[in-house]
Asks: 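The following block contains the structure, expressed as structure tokens.
Just so it is clear, the values below take in all heavy atoms, side chains as well, and ignore hydrogens, waters and symmetry mates.
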Amino acid sequence: MDLFNVYPLVNITPVRALGAKLWDDKGQEYLDFYGGHAVISIGHSHPHYVQRLTEQLQNIGFYSNSVQIPIQTELAHKLGQVSDYQDYALFLCNSGAEANENALKLASFHTGKKRVVAFKGAFHGRTSGAVAATDNSKIVAPFNAGHAVTFVEYDLEAVLAVLHGGDVCAVIVEPIQGVGGIIMPSDEFMRHLALLCWANDVLLIADEVQSGYGRSGKFFAHQHAGLRPDIIAVAKGMGNGFPIGGILISPKLQASYGLLGTTFGGNHLACAAALAVLEVIENEHLLAHVTELGDYLRTELLAHAGAVEIRGRGLMVGIKYDFPIKEIRDKLLTEHHIFVGNASDPTVLRLLPPLNITRAEVDRFLQALYGIVGAAARAV
């Protein structure tokens, strides 16, 4: 049997990783400035993370949600404390798509309505409801396209026009669009969007799957705008590579048996991984580190990258050029051995390094980028 060939693969086979570095099967070292789509939050093979998972596995790795699993409660309390959402409830699942799927389902249950408002350029996942709310027709099958979803620009009047139809259960928004190219709605827009939802009995879902867990310098990117969404979806950096996702749920939404469910969500190993991440974020003061290093990175890029625009917050950065970035990305990987990302906008280079990356590693990336951009400019 062969693998179902759905991924274009670079010809590199990582076999070992530590911090922000990877080594392939030939012994070549790479700098990871992408973190596997923002998944590696506290660095590869962090000692505390490895210890937490090892100790948990030596006791019990899994049992279903039909029994008491105290580590789930421990995780919920810790996440509430670190994120400042102590009064919310936590539902655990396995991925970002599943988190958004459950968020949309819960909003529909709560309001009795079915339409969803999403935004141009959005990416919320590949499962049925999540992909219907994703603004990419190439990955939406006819089976998925039957959901009632309306896409709008970041325009409050356009949002209000849809809300006035009376059938909207939720507005789902990425506080920073990742796949879309590190696009940020303004803090003012986010605050007014929350007010519109509240006034029209519509739930606001913040998709923090990529922008959460300290990536922006605050625990959640929406916290820069000072608002509190009704549901917050999390995944990616939550487990530092171990599959886990979840939704944080406002106390105004009530639970009932069978309302939501999962087999693997919240298993012992996943919770141990997620607790390790929170403990490292807290103990190593990573939110302050992300803010400081992110400011340095963006200041340097503004001055020297020769870009049209530098986007993002913290260590979620987009570098927009007026030409496709594929050659830059390829040269960073093949000549300088640095992993970076792209976006649905082919002119945006996407940076999502581990939150504990060092100043020296940032400088290594910057010098490599400046060399490539400078050579291109001289050639022109």
Asks: Any side-chain to backbone donor/acceptor pair from R298 onto G294? Under 3.5 Å, distance only.
Replies: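 Yes; judged by distance alone, with no hydrogens or angles, the pair exists.
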
Asks: Establish whether L349 and F33 are linked, either directly or via other cluster members, by ILVMFWY side-chain heavy-atom contacts under 4.5 Å.
Replies: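 Yes; tracing contacts between hydrophobic side chains, which count when under 4.5 Å, links both residues.
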
Asks: Hey, can you tell me if F119 and F189 have their rings parallel, tilted or perpendicular (30° and 60° cut-offs)?
Replies: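 Judged by the thresholds at 30° and 60°, the geometry between F119 and F189 is perpendicular.
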
Asks: State the CD1-OH distance between I281 and Y213, to the nearest 0.5 angstrom.
Replies: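 Here the rounded value is 7.0 Å.
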
Asks: Is there a path of hydrophobic side-chain contacts, each under 4.5 Å between heavy atoms of I/L/V/M/F/W/Y residues, joining L301 to I325?
Replies: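 Hydrophobic grouping puts I325 with L301.
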
Asks: Under 3.5 Å, side chain of R215 to main-chain N/O of L315, donor-acceptor pair present?
Replies: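 The answer is yes, because a donor-acceptor pair under 3.5 Å joins these two groups.
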
Asks: Walk me through it: do Q28 and D24 pass the test side chain to side chain donor-acceptor pair (under 3.5 Å)?
Replies: CA-CA 5 Å; Q28 176 63 55; D24 70 12; over 6 Å; no

Asks: Can you hop from L355 to V234 via hydrophobic side chains spaced under 4.5 Å?
Replies: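 Result: yes, single cluster for both.
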
Asks: Is it true that the side chains of H46 and E284 contain a donor and an acceptor less than 3.5 Å apart?
Replies: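 Side chains of H46 and E284: pair found under 3.5 Å.
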
Asks: T358 side chain to E361 main-chain N or O, any donor-acceptor pair under 3.5 Å?
Replies: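 Checking the backbone N and O of E361 against the side chain of T358, a donor-acceptor pair under 3.5 Å is found.
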
Asks: Considering only NZ, NE, NH1 and NH2 on the basic side and carboxylate oxygens on the acidic side, decide whether D230 and K252 come within less than 4.0 Å.
Replies: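 Result for this pair is yes, salt bridge flagged.
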
Asks: CD of E29: more than 12 outside heavy atoms within 6.0 angstrom?
Replies: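 More than 12 heavy atoms, drawn from other residues, nucleotides or ligands, come within 6.0 Å of this atom.
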
Asks: Under the criterion side-chain contact (heavy atoms from CB on, under 4.5 Å), I'd like the reasoning laid out for L31 against F339: C-alpha separation, chi angles, the key distance, then a yes or no.
Replies: CA-CA 6 Å; L31 177 62; F339 280 95; over 6 Å; no

Asks: Is there a donor-acceptor pair under 3.5 Å between the side chain of N102 and the backbone N or O of A99?
Replies: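 No; judged by distance alone, with no hydrogens or angles, the pair does not exist.
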
Asks: Checking side-chain polar atoms at under 3.5 Å, does S211 have a donor or acceptor matched by the opposite partner on E208?
Replies: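 Checked: S211/E208 side chains pair up, N/O donor to acceptor below 3.5 Å.
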
Asks: What do the steps show when you test Y49 against F242 for ring-ring contact (aromatic ring centres under 6.0 Å, His included), and what is the final call?
Replies: CA-CA 10 Å; Y49 178 82; F242 198 100; 8.1 Å; no

Asks: Would you sort out whether V179 and R350 count as a side-chain contact (heavy atoms from CB on, under 4.5 Å), showing the intermediate values?
Replies: CA-CA 9 Å; V179 174; R350 191 159 46 130; 4.3 Å; yes

Asks: For the backbone of I231 and the side chain of Y88, can you confirm whether one donor and one acceptor N or O come within less than 3.5 Å of each other?
Replies: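 Here the side-chain-to-backbone pair does not exist.
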
Asks: What about Y85 and F219, are their ring centers closer than 6.0 Å?
Replies: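 Between F219 and Y85, which both carry aromatic rings, the centre distance is not below 6.0 Å.
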
Asks: Is there a continuous path of hydrophobic side-chain contacts, each under 4.5 Å between heavy atoms, that joins I310 to V340?
Replies: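 Yes: a chain of side-chain contacts under 4.5 Å links I310 to V340.
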
Asks: If only side-chain N and O atoms count, and only distance matters, is there a donor-acceptor pair under 3.5 Å linking H37 with Q210?
Replies: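 No.
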
Asks: Under a plain distance cut-off of 3.5 Å, with no hydrogens placed, do H289 and N356 share a side-chain donor-acceptor pair?
Replies: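 No pair is found: no donor N or O on one side chain lies under 3.5 Å from an acceptor on the other.
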
Asks: Taking the basic N atoms (NZ, or NE/NH1/NH2) and the acidic carboxylate oxygens, is any pair closer than 4.0 Å for R228 and D87?
Replies: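 A salt bridge is present here (some side-chain N lies under 4.0 Å from a carboxylate O).
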
Asks: Is a side-chain donor-acceptor pair under 3.5 Å present for Y296 with D363?
Replies: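 Their side chains do contain a donor-acceptor pair, which is all the 3.5 Å distance test asks for.
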
Asks: How about CZ on R126, more than 12 heavy atoms from neighbouring residues, nucleotides or ligands closer than 6.0 Å, or not?
Replies: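 Counting neighbours around CZ of R126, 12 or fewer heavy atoms of other residues, nucleotides or ligands fall under 6.0 Å, so no.
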
Asks: In terms of side-chain geometry, is the basic nitrogen of R115 or D167 positioned less than 4.0 Å from the acidic oxygen of its partner?
Replies: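 Yes, R115 and D167 are salt-bridged.
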
Asks: What closest approach, in Å, do V348 and G181 show between heavy atoms, and which atom pair accounts for it?
Replies: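 Looking at all heavy atoms of both residues, the shortest contact is CG1-O, 3.8 Å.
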
Asks: Pairing donors with acceptors under 3.5 angstrom, does anything connect the side chains of Y154 and Q177?
Replies: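 Their side chains do contain a donor-acceptor pair, which is all the 3.5 Å distance test asks for.
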
Asks: Would you say D84 and Q223 are linked by a side-chain donor-acceptor pair, where the criterion is simply a distance under 3.5 Å?
Replies: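 Per modelled atom types, Q223 and D84 side chains form no pair under 3.5 Å.
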
Asks: Is E292 atom CD crowded by more than 12 heavy atoms from other residues, nucleotides or ligands, each under 6.0 Å away?
Replies: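 Atom CD in E292 is not packed in, count stays at 12 or less.
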
Asks: So, K331 and E327, do they make that salt bridge, N to O below 4.0 Å?
Replies: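 Answer for the salt bridge query: yes.
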
Asks: Taking N94 for the side chain and G265 for the main chain, is one N or O donor matched with an acceptor at less than 3.5 Å?
Replies: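 Yes; judged by distance alone, with no hydrogens or angles, the pair exists.
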
Asks: Do we see a donor-acceptor contact under 3.5 Å between the side chains of T134 and N136?
Replies: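 Their side chains do not contain a donor-acceptor pair, so the 3.5 Å distance test is not met.
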
Asks: Walk me through it: do T262 and N65 pass the test side-chain contact (heavy atoms from CB on, under 4.5 Å)?
Replies: CA-CA 8 Å; T262 173; N65 285 295; 4.0 Å; yes

Asks: Please check this pair: side chain of Q56 against backbone of A272, looking for a donor-acceptor N/O pair closer than 3.5 Å.
Replies: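 Not at all, since once roles are kept as given, no pair shorter than 3.5 Å links the two residues.
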
Asks: Would you say H336 has more than 12 foreign heavy atoms packed within less than 6.0 Å of its NE2?
Replies: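 Enclosed: over 12 neighbouring heavy atoms sit under 6.0 Å from NE2 of H336.
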
Asks: Under 3.5 Å, is there a donor on one side chain and an acceptor on the other for D207 and H124?
Replies: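 H124 and D207 do have a side-chain donor-acceptor pair below 3.5 Å.
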
Asks: Apply side-chain contact (heavy atoms from CB on, under 4.5 Å) to H268 and I69, showing your working.
Replies: CA-CA 7 Å; H268 298 76; I69 304 178; 3.7 Å; yes

Asks: Tell me yes or no: between the side chains of S108 and K114, is some donor less than 3.5 Å from an acceptor?
Replies: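 Side-chain D/A pair, S108 to K114: absent.
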
Asks: Using a strict cut-off of less than 4.0 Å between a Lys/Arg side-chain nitrogen and an Asp/Glu carboxylate oxygen, indicate whether K120 and D155 qualify as a salt bridge.
Replies: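 Looking at D155 together with K120, the answer is no, because their closest N to O distance does not fall below 4.0 Å.
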
Asks: So does R52 pair up with E279, basic N to acidic O under 4.0 Å?
Replies: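 Looking at R52 and E279, the cut-off is met.
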
